[in-house]
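Structure first, commentary second.
The structure presented is a predicted model; accordingly, all values stated were derived computationally and were not measured.
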Amino acid sequence: MSFKYTHRAPMSSFATTRVPRSRALLGAAAALGLVGLGACKSGDILNVKSPDVLGVGAYTTPAGVDPLRYGVIGDFAYAFDGNGDSFTVVTGNMADELYASDTFDDRLSINARRSIEVNTNMEAEYRALQQAHIGATTASQVMATAAPTEKWQRGEMYLLRGFTEIFFGEGWCSGTAFSSQDGATITYGQPNSTSQLFTIAAASFDSALALADTSTRVKYAAQVGKGRALLDNGDFAGAAAAVQGVPRTFQYLTSHSTASTREQNGMWNAEANGASRYSLVNNEGTNGLPYLTQGSDPRLPWAPSNRQGFNGLSTNLPTETKFGQTSSGIVADGTEAQLIILEAQLQGGTQADRDAVFAGLNALRTSNSKPVAAIAGSAPTDQASAVTQLFTERAYWMWLTGHRLGDLRRLVRQYGRDAESVFPTGTLPAPLAGSYGTSTSIVIPLNERNNPNFSGCLDTKA
C-alpha cells in the first residue's frame, strides 16, 4: 500500500502521493546525483529525477521503514506546531491565548469566532493533520509486515495517529471522516461524532501501549494521550487510571530546526517572528484569562517589544518566550497527567475532594523545576469555583500547547457552562472592529463535501 493523502477539489478529484523524506537517504541520493552529473549527455540534466522522492517499494523493506517513520514524525510535527497556522496556533486563536494581528480574513474570522467552510488557512491545517493521520496509519501497516520486530517504532505510529484524532475532536466541529486510497480506489470515510473521535483515539493509544515494548517514551506518551481522550469523553475515572505512573518529569516533544520554514517552531513563527500574524492577548473578550498580568509566573514567559503586527496597526506586541525558533514543542507531559488525576478527584464533589485538589494544585506549583508561588488562601467552598480554578491552572500549565480550545469546549459540554460565559465575547480588541460571533469550533472545510458520506458538520457545539 502506498503512502498517500487524498484530497478532492470541488467538481473534480485528484490524489497526491507523498513519500516522506529521510535526510540520510536524501544525502545519499544527492551524492549519487553529483557523481553522475559529469557523465550526462547534453540535455539530460533537464531529466534528472528528484532525489528526495523515492519509489514506494523503497519504503516497504526492513531498511526503508525507518525513513518512512521519520517522514510521519515530520508530518506530525508540521501539523501540530511546525508552521504559522499549526494546531497549537489556530486553536489558541479561537480560544483566548492569541488574537490575529493580521489582514487575512481566514485568521481574523477564527479569532472572531465566525468560522465558515471556505477558509484556505484552516483547510491547509485540516489537510496537514489528515496527512499525518493517514501517514501514521499506512506506516503502521507497512511496518507490521516489513519490520515486525520494531515494536515500539510501530507503536509510535499509533501514538501519533491517536493524537491527530484527538486534535480533530478538540479543534473541529463534529463530523471528521477518515478516507483512504489504494491505487485508483478511494474509500470514503464516514463522519465521526466528537465522542466517536475520542473513542477512536483511545483505541489508537491502546495499540501504542500494546507495542511500546522497551520504550517508556512511547508508553508514557500513550498513557497521557489515552487519559486526554477519555477526559474529553467525560470518563474521568478511566482517564485518571490511564495516566497512573507517568513521571512528573516526562515530556513527549516535537523537534524543530532552521532547515526550512516548515521545520521552525510554529508558535515562534506565528507570534514572535517579526511582523507576526498573531499576538498574545490578555483578558480577551471579557472571559479571557489574564495571561500577561501574572507577574513572575514562569509558566507564562513573555517579553514586551516594539514589534508591529502584520496589519501595521497592532503595535508594541508582547512576545512569547516559551518557544524559540528551534524549540521543541510539548505534545504531552507528566504535569498534564497529574492535572487529569486531580480533575477526576474533583468529580467527587465533596469539600474533602476540593481540599485535596487544591492541595494537589499547590503541590504541582511548588514542586516544579521553576517553582510557582502557591495559590493564596484555601480551597473553594463550591464546586463551580473549584472547576474554574482547576481549568485556570490547566490553562497556565499548558499555555500555547494546543489544549485550551478543547478545555473551553469541555467546560460547555461537560460542566454545563454557557458558551458566552467561557469563550471570548462582546467587542473585539482594538485595532480589530466589530463583535465576536458564536462559533466554538473550527468548521470542517468545504472540500470535505466531495466525500459523498459527508454533508457538513454533524454538530457545531459538541
Side-chain angles (χ1 to χ4, degrees), residues 77-115 119-126 128-129 167 170-171 254 256 261-285 287-292 300-327 329-330 395 398-406 408 423-424 428-434 436-437 439 441-442:
Y78 173 72
F80 174 65
D81 69 340
N83 70 89
D85 292 296
S86 63
F87 178 79
T88 57
V89 172
V90 301
T91 57
N93 187 35
M94 175 159 274
D96 63 348
E97 295 177 321
L98 302 171
Y99 85 93
S101 50
D102 195 28
T103 58
F104 284 39
D105 192 57
D106 290 5
R107 300 181 178 101
L108 293 170
S109 61
I110 295 299
N111 184 192
R113 296 178 57 204
R114 298 195 191 103
S115 184
N119 186 316
T120 302
N121 291 99
M122 297 309 103
E123 179 193 339
E125 173 56 17
Y126 184 85
L129 282 174
F167 299 159
E170 291 183 352
T254 56
H256 298 285
T261 301
R262 171 188 171 92
E263 295 176 60
Q264 294 172 351
N265 181 287
M267 187 59 69
W268 174 86
N269 194 352
E271 195 284 325
N273 182 20
S276 58
R277 307 280 184 162
Y278 297 92
S279 174
L280 300 180
V281 64
N282 199 49
N283 297 117
E284 184 184 12
N287 300 317
L289 290 178
Y291 297 104
L292 306 184
L300 308 166
W302 66 279
S305 83
N306 59 4
R307 290 186 303 109
Q308 287 188 339
F310 186 81
N311 58 20
L313 299 174
S314 302
T315 59
N316 299 320
L317 299 185
T319 301
E320 63 83 17
T321 57
K322 184 173 184 175
F323 300 107
Q325 186 176 14
T326 61
S327 296
I330 304 169
M398 298 186 288
W399 188 51
L400 306 181
T401 62
H403 288 77
R404 184 60 171 164
L405 178 57
L408 295 185
F423 282 83
L428 291 165
L432 306 180
Y436 289 94
S439 297
S441 61
I442 304 169

Taken to the nearest 0.5 Å, the spacing of Thr120 OG1 from Glu125 CD works out to 14.0 Å

Trace of the side chain to side chain contact (heavy atoms under 4.5 Å, CB included) decision for Met267 with Lys322: CA-CA 9 Å; Met267 187 59 69; Lys322 184 173 184 175; over 6 Å; no

In terms of heavy-atom contacts, His256 and Thr254 come closest through NE2-OG1, 3.1 Å

Taking the side chain as C-beta and beyond, is there a heavy-atom pair between Asn269 and Thr261 under 4.5 Å? yes

The reported gap from OH in Tyr99 to CZ in Arg107 (rounded to nearest 0.5 angstrom) is 14.5 Å

With a 4.5 Å limit on heavy-atom distance, are the side chains of Asn306 and Asn316 in contact?
-> yes

Between the CG atom in Asn93 and the CG atom in Leu98, the distance rounded to the nearest 0.5 Å is 6.0 Å

ask   = Can you find a pair of side-chain heavy atoms, one from Asn265 and one from Asp81, that are under 4.5 Å apart?
value = yes

Here the gap from Thr91 atom OG1 to Phe167 atom CZ, rounded to the nearest 0.5 Å, amounts to 9.0 Å

Here the gap from Asp102 atom CG to Ser314 atom OG, rounded to the nearest 0.5 Å, amounts to 9.5 Å

- Step by step, would you call Leu432 with Leu108 a side chain to side chain contact (heavy atoms under 4.5 Å, CB included)? CA-CA 9 Å; Leu432 306 180; Leu108 293 170; 3.7 Å; yes

Once you measure the plane-to-plane angle for Phe310 and Phe104, does it fall in the parallel (<30°), tilted (30-60°) or perpendicular (>60°) bin? perpendicular

Between Ile442 and Met94, the two heavy atoms sitting closest are N-SD, 4.0 Å

Note: Ser327 and Gly324 closest approach over all heavy atoms is OG-N, 2.6 Å

One should read off an interatomic distance between Arg404 CZ and Trp399 CH2, to the nearest 0.5 angstrom, of 13.0 Å

Exercise: do Tyr278 and Asn111 side chains pair donor with acceptor under 3.5 Å: no

Are the side chains of Arg277 and Val89 in touch, meaning some heavy atoms are under 4.5 Å apart?
no

Do Glu123 and Asp106 have side-chain heavy atoms sitting under 4.5 Å apart?
no

request  = Answer yes or no: is there a side-chain heavy-atom contact under 4.5 Å between Asn119 and Tyr126?
outcome  = no

* Expected output: side-chain Asn282 to main-chain Tyr291 donor-acceptor under 3.5 Å -> yes

request  = Using a 4.5 Å cut-off on heavy atoms from C-beta on, say whether the side chain of Leu400 contacts that of Thr88.
outcome  = no

message = Whether the side chain of Arg113 engages the backbone of Pro424 through a donor-acceptor N/O pair (distance < 3.5 Å, no angle test) should be reported.
response = yes

Note: Leu317 and Ser101 closest approach over all heavy atoms is CD1-OG, 4.2 Å

Do Glu284 and Tyr436 have a side chain donor and acceptor closer than 3.5 Å? yes

- Message: I'd like to check Glu271 versus Leu280 (side-chain heavy atoms, cut-off strictly below 4.5 Å). Are they in contact?
- Response: yes

Of all heavy-atom pairs linking Leu405 and Phe423, the shortest is CD1-CE2, 3.6 Å

Heavy-atom closest pair (Ser439 atom, Ser115 atom, distance to 0.1 Å) is OG-N, 3.2 Å

